Amino acid sequence: MTKVLDLPEGYYYEQYIQECIVETVPNWRRIRPFLFRCAELDSPDCIRRSVQLLLDNLTYSPLLFEVAEEFFTAGKHKAAVILYESVAASERRQHSERLAFCQYRLFTLRLGDNQERNLQAALQFEPFVDRLDETDQLDALRELANTYKSLQRWDKVDEIAEELGTKAKIQLELVSKPRHKRDEPKKKLKRPLFVYLTFSYLLRGSVCDARGAYEEALQYAYKYVDLSWVKDRDDETQKWVELYEGWSKANIFVCRLLLGEKDIIADYLAFIDQDEDEILIGILNIVKAANRFDFKINHILEKYKSRVLHYGTLQPESIGIYTHQIIAEESTLCFYELAYYYLWNGNYSEGFTYLLYGLVKADSINNEPRILSFVRLFERFRDYASFDIQLEYQNLMKKEIGKNEKKSSGVVSGK
């Protein structure tokens with residue numbers, strides 16, 4: 001009809017909702033394809049109104065949850081969020097697994113480049129983790145730990161890593177028992193089971209590293225340097241075994257480096273050169289050690305300059321165990337360490353270049369503590385900044401101040 005009348009698709013959808021949901025008993029065989037069509041046409045208001053009307057009758061809750069899962073799988077995330085939020089709000093049994101799983105999906109869908117929003121998403125989801133299916137708990141804890149790691153919330157990372165390790169050990173013990181092997185798991189894990197235990201060790205090592213406890217971090221790295229105890233031999237398991245054994249070697253290098261062993265830099269560089277995914281983190285670790293022990297590494301930084309800048313100027317993708325949130329945070333921290341290194345060593349042109357790159361990056365992910373660290377560094381070396389650098393810095397700070405003023409006025413008007 002809309003095609004004949006030369007009207008846009010979806011023109012009569014509001015009327016359809018009125019006639020088929022409000023004025024008559026809804027027919028699910030008609031409503032379901034209607035919701036899919038609304039998603040295809042990007043009509044969130046129609047989806048929202050339809051779902052609100054349907055959920056007056058809670059028998060539609062499981063049906064809408066199934067549609068939400070199909071939207072999620074098909075990448076129709078905006079529509080999926082509406083359904084997950086609505087189904088979660090309709091769940092009267094606050095300890096239901098469906099409610100917890102809706103919150104899990106909403107957590108993953110809300111993650112983005114804004115660090116403040118990521119923190120709110122993590123805090124909102126965390127109380128629901130223990131209500132999930134045991135299999136989902138492992139993946140949820142892994143993703144939650146990654147989020148807190150990207151936020152540098154090390155107390156939370158340590159707490160969740162410990163819980164993840166405990167739950168993974170229990171599951172590994174269960175599957176090793178002959179009786180359990182006959183039971184088919186309800187859901188499939190996203191990683192081989194041993195990965196959740198080794199990831200907990202890796203996380204706890206990262207916490208030690210962040211606290212400067214490098215000897216303790218070294219002990220965690222040794223926990224997964226040899227994974228010959230992993231019995232499965234399928235291709236997926238072998239892939240992860242090789243990855244974790246490689247990451248263990250990398251982390252042993254890092255711990256020794258941050259304990260002041262300058263002589264291992266050449267071996268560490270040879271190691272990271274074999275894996276492009278490790279370049280950013282590798283250079284960050286070398287610069288941290290240089291700043292800590294006053295190593296001179298100009299020749300190294302010049303060699304890797306273009307590859308480091310690549311991570312700062314492009315939208316990062318998830319690689320290996322590094323989510324794109326972690327890569328964004330690590331690239332920002334790398335720019336800070338590089339700026340500090342060059343400014344402290346009197347190369348002000350390079351130092352301020354990295355400082356301004358890092359400030360823009362920190363602003364783009366709304367990382368206020370990191371923004372403040374760049375501001376303090378700039379003020380410390382302000383007298384060495386050229387007129388053009390000072391002007392660019394002032395323009396960036398005006399943008400940041402203006403953004404904060406808008407945020408403040410929004411808070412006031414919302415009261």
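Numbering starts at 1 and runs along the sequence shown. Values in this document were obtained by computation on a predicted structure and should not be read as measured data.
Taking CG of L83 as the reference point, atom CG of L35 lies at 6.5 Å (rounded to 0.5 Å). In this structure, F34 CZ and C46 SG are separated by 5.0 Å, a value rounded to the nearest 0.5 Å. With rounding to the nearest 0.5 angstrom, the CG atom of L55 is 10.0 Å from the CG atom of L63.
Under the 3.5 Å distance criterion, the side-chain polar atoms of E97 are left unmatched by any main-chain donor or acceptor of L132. Looking only at distances, no side-chain donor or acceptor of D363 sits under 3.5 Å from a matching main-chain atom of L359. Side chain of T24 to main chain of E19: a donor-acceptor pair is present (N/O by atom type, distance under 3.5 Å, no hydrogens or angles). Of the possible polar contacts, one joining the T198 side chain to the F194 backbone as a donor-acceptor pair under 3.5 Å is found. For D158 (side chain) and W154 (main-chain N/O), no donor-acceptor pair under 3.5 Å exists by modelled atom type. For D209 (side chain) and G205 (main-chain N/O), no donor-acceptor pair under 3.5 Å exists by modelled atom type. With hydrogens and angles disregarded, a donor-acceptor distance shorter than 3.5 Å links the side chain of E245 to the backbone of L227. In this structure, the side chain of N291 engages the main chain of E337 through a donor-acceptor pair within 3.5 Å. A donor-acceptor pair is defined here as one N or O able to donate and one able to accept, closer than 3.5 Å; such a pair exists between the side chain of S96 and the backbone of L99.
Other residues, nucleotides and ligands contribute only 12 or fewer heavy atoms inside 6.0 Å of the CD atom of E134. More than 12 non-hydrogen atoms from other residues, nucleotides or ligands lie less than 6.0 angstrom from CZ of R233. Within a 6.0 Å radius of NZ in K190, more than 12 heavy atoms belonging to other residues, nucleotides or ligands are found. Within a 6.0 Å radius of CZ in R30, other residues, nucleotides and ligands contribute 12 heavy atoms or fewer. The environment of R292 atom CZ is dense: over 12 non-hydrogen atoms of other residues, nucleotides or ligands sit within 6.0 angstrom.
Considering every non-hydrogen atom in both A80 and L109, the closest pair reads CB-CD1, 4.4 Å. Counting all heavy atoms, side chain and backbone alike, L119 lies closest to L151 at CA-CD1, 3.7 Å. Across all their heavy atoms, F125 and A100 have their closest contact at CE1-O, 4.2 Å. For V87 against S61, the heavy-atom pair with the smallest separation is CG1-OG, 3.5 Å. The shortest heavy-atom contact between C334 and L284 is CA-CD1, 3.6 Å. The heavy-atom pair separating S228 from K231 by the smallest distance is O-NZ, 4.3 Å.
A perpendicular orientation is assigned to the rings of F101 and F65, their planes being inclined by more than 60° (bins at 30° and 60°). In this structure, F253 and F271 have tilted ring planes: the angle between them lies in the 30° to 60° band. Ring-plane geometry between F352 and Y348 is classed as tilted, the angle between the planes lying from 30 to 60 degrees on a 0 to 90 degree scale. Classified by interplanar angle (parallel below 30°, tilted 30° to 60°, perpendicular above 60°), the ring pair Y340/W344 is parallel.
Proximity of T147 to F107: side-chain heavy atoms (C-beta onward) are separated by under 4.5 Å at one or more points. Using a 4.5 Å cut-off on side-chain heavy atoms (C-beta onward), D273 and Y304 make contact. Side-chain contact between N251 and Y220 is absent, with no heavy-atom pair separated by less than 4.5 Å. Looking only at side-chain heavy atoms (C-beta outward), F36 and V67 come within less than 4.5 Å of each other. Proximity of S150 to Q115: side-chain heavy atoms (C-beta onward) are separated by under 4.5 Å at one or more points. Contact check for D139 versus Y104: side-chain heavy atoms found under the 4.5 Å cut-off. The shortest distance between side-chain heavy atoms of D155 and Y148 does not fall below 4.5 Å. The closest side-chain heavy-atom distance from I21 to R49 is not below 4.5 Å.
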What's the verdict on salt bridge (charged side-chain N to carboxylate O under 4.0 Å, His left out) for R153 and E159, showing C-alpha distance, side-chain angles and the deciding distance?
CA-CA 10 Å; R153 301 287 290 253; E159 175 189 329; over 6 Å; no

Do Q325 and N146 pass the side-chain contact (heavy atoms from CB on, under 4.5 Å) test, and can you show the C-alpha distance, the side-chain angles, and the key distance before you say yes or no?
CA-CA 8 Å; Q325 288 89 4; N146 266 332; over 6 Å; no

So Q124 and Q120, side-chain contact (heavy atoms from CB on, under 4.5 Å) or not? Walk me through it.
CA-CA 6 Å; Q124 186 173 337; Q120 293 306 314; 5.9 Å; no

With side-chain contact (heavy atoms from CB on, under 4.5 Å) as the test, would you mind laying out the steps for S364 and D113 before giving the verdict?
CA-CA 7 Å; S364 73; D113 294 326; over 6 Å; no

Show your working on side-chain contact (heavy atoms from CB on, under 4.5 Å) between L355 and Y342 and close with a plain yes or no.
CA-CA 10 Å; L355 190 150; Y342 280 118; over 6 Å; no

Apply salt bridge (charged side-chain N to carboxylate O under 4.0 Å, His left out) to residues K239 and E236 and explain how you reach the verdict.
CA-CA 5 Å; K239 180 192 82 170; E236 181 71 2; 3.7 Å; yes

Walk me through whether E329 and K149 qualify under salt bridge (charged side-chain N to carboxylate O under 4.0 Å, His left out).
CA-CA 9 Å; E329 166 58 23; K149 184 182 179 185; over 6 Å; no

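Stacking of K76 on the aromatic ring of F71 is not recorded, the 6.0 Å distance cut-off and the 45° axial limit not both being met. The cationic group of R142 does not satisfy the cation-pi geometry with Y196, failing either the under 6.0 Å distance to the six-membered ring centre or the 45° limit from the ring axis.
When each of R110, K78, R105 is tested with E85 by the rule salt bridge (Lys or Arg N to Asp or Glu O under 4.0 Å), just one qualifies, namely R110. Under the side-chain contact (heavy atoms from CB on, under 4.5 Å) rule, T332 has a single partner from I365, V360, I371, which is I365.
For the residue pair T237/D234, the side-chain donor-acceptor check at 3.5 Å is satisfied.
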